[in-house]
2 protein chains.
Amino acid sequence: MPRNRQEIDREDKIEEILQAAERTLRRAGYDGLSFGALASELHLARGALYWYFPTKDDLFVAAAARVFAEALSDPPHRAGHVRRITWAVEQLAILEPLSAALHDRARHSAGAAALERAIQEEMCSRLRDLLRGRIEAARLNDVADAIVVFAQGLLAMPLDQAERAARLRFLLSELVPT
Amino acid sequence: MPRNRQEIDREDKIEEILQAAERTLRRAGYDGLSFGALASELHLARGALYWYFPTKDDLFVAAAARVFAEALSDPPHRAGHVRRITWAVEQLAILEPLSAALHDRARHSAGAAALERAIQEEMCSRLRDLLRGRIEAARLNDVADAIVVFAQGLLAMPLDQAERAARLRFLLSELVPT
DNA sequence: ACCTGAACACCGTTCAAGT
DNA sequence: ACCTGAACACCGTTCAAGT
């Protein structure tokens, strides 16, 4: 009955595992992502998964990368900069437990650290594009960096959506000329 | 040989456990803080610790509270506001893995959430005192909140000390009149 | 009231043995 | 090349049994 030897090639199998891992990650977070649960969902032995992902961190990072990429795809079209930044913060706020887990694993796993940096640099570069016309060139990098740091702080604190939005509006009103 | 029945009273025993837990937390972080390791260090059975701390979260929060309190005690006397804020950020940066763990546990443990809030409110209130003479009263709360959010963001990002200081200086130069 | 030692149900990871 | 099933060394937590 195991239809998994040469009949399914490696990349398809990896895709299948990643889809299940992504689902588990969304539903139960990092702690809920276990090789045991995943294996039984995929009708595999626990050890078999190590053939595809040599480490829990490898599996986690690969699945998390997909979740983040999806969350940050199609930002609101032609909205003002405040609304666009608020949108990004709220998208990340939904994934906050995932961000926290990624940050935690980044201390032990080079892959996790790389993904964390990549997400933050993506945010920075989008911000610079968004603010380029609106801010003098000399301040652009500092302001973009500051907003990313601030956004990261908003996510790390136990605030609700309204508080996040209010504090973000205050910062933007201070840093970005109207 | 067990000199622990009525000979040592409860509070002293708790103090002894907390000291060991604090040491373990500083050396090995949240993951390294295990009832097993702690018990063998204290020459106790694993189960005995549950008599004093019903849950790992209870033990962790109690030990972490001491670590944070110590780290934030005696701030630099009569320094400028930039140096004092930088000092606090660096003190917390040293404990960043602990902050991350606390934030993670705050989702599952009310005690962890309470400690996290308490630390942040302590920072906020110190900041307000520090900036009170320097900022118009109407902006004081917003600026203090913003700086705390920013500081939290600095800690959540993989930056070195120089980068943290530079970004903090930029923010303060924007928010606090010289 | 406090402690022991065993048990339970999990982990991530490894590995000999199979196909 | 892929998979199984058992093993290893851990977890946090519970609990009957002792003092």
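Every chain is numbered from 1 and lettered A, B, ... according to where its sequence line falls, protein lines coming before strand lines. If you're wondering where the values come from, they're calculated on a predicted model, not measured in any experiment.
- B:Asp129 has a carboxylate O that lies under 4.0 Å from a charged side-chain N of B:Arg132, or vice versa, which qualifies the two as a salt bridge.
- One finds a side-chain N or O of A:Thr55 lying less than 4.0 angstrom from the OP1 or OP2 phosphate oxygen of C:dT13.
- B:Lys56 places its NZ atom 17 Å from the C1' atom of D:dT14, with the value rounded to the nearest Å.
- The pair B:Arg107-A:Glu96 meets the salt-bridge criterion, since a charged nitrogen lies less than 4.0 angstrom from a carboxylate oxygen.
- If you measure from atom CG of A:Leu42 to atom C1' of D:dC2, you get 15 Å, rounded to the nearest angstrom.
- Judged by Watson-Crick or G-U wobble contacts below 3.5 Å, the nucleotide C:dT19 has D:dA1 as its partner.
- When each of C:dG5, D:dT14, D:dC3 is scored by its nearest atom to the side-chain atoms of B:Ala45, the top-ranked nucleotide is C:dG5.
- Phosphate proximity of C:dC10 to A:Ser34: absent, as no side-chain N or O sits under 4.0 Å from OP1 or OP2.
- Under the Watson-Crick or G-U wobble criterion, with both distances below 3.5 Å, C:dA7 is paired with D:dT13.
- For the pair B:Glu15 and B:Arg66, the salt-bridge criterion is met [side-chain N within less than 4.0 Å of a carboxylate O].
- Here the side chain of A:Ala48 is nearest to one of C:dC3, D:dT4, D:dT13, namely D:dT4.
- Dashed line: the shortest gap from a side-chain N or O of B:Lys13 to OP1 or OP2 of C:dC3 is under 4.0 Å.
- One interatomic measurement links the two molecules: CZ of B:Phe60 to P of D:dC11, which rounds to 16 Å at whole-angstrom precision.
- A salt bridge does not link B:Arg128 to B:Glu121: none of the charged side-chain nitrogens sits closer than 4.0 Å to a carboxylate oxygen.
- At the heavy-atom level, A:Leu49 lies nowhere under 4.0 Å from the strands shown.
- With B:Tyr50 as the aromatic partner, B:Lys56 does not meet the cation-pi criteria of under 6.0 angstrom to the ring centre and within 45 degrees of the ring axis.
- The phosphate of D:dC3 has OP1 or OP2 within less than 4.0 Å of a side-chain N or O from A:Tyr52.
- A:Trp51 has its CH2 atom 18 Å from the P atom of D:dG5, to the nearest Å.
- We find that CD of B:Glu11 is positioned 16 Å from C1' of C:dC2, with the value rounded to whole Å.
- The interatomic distance linking B:Arg10 (CZ) with C:dA1 (C1') rounds to 9 Å, in whole Å.
- Going from atom NE2 of B:His43 over to atom C1' of C:dT4 covers 15 Å, rounded to whole Å.
- Within the 4.0 angstrom heavy-atom criterion, no nucleotide atom of any strand lies near A:Leu38.
- B:Arg46 comes within contact range of at least one nucleobase, with a heavy-atom separation under 4.0 Å.
- With rounding to whole Å, B:Phe35 atom CZ is found 15 Å from C:dC3 atom C1'.
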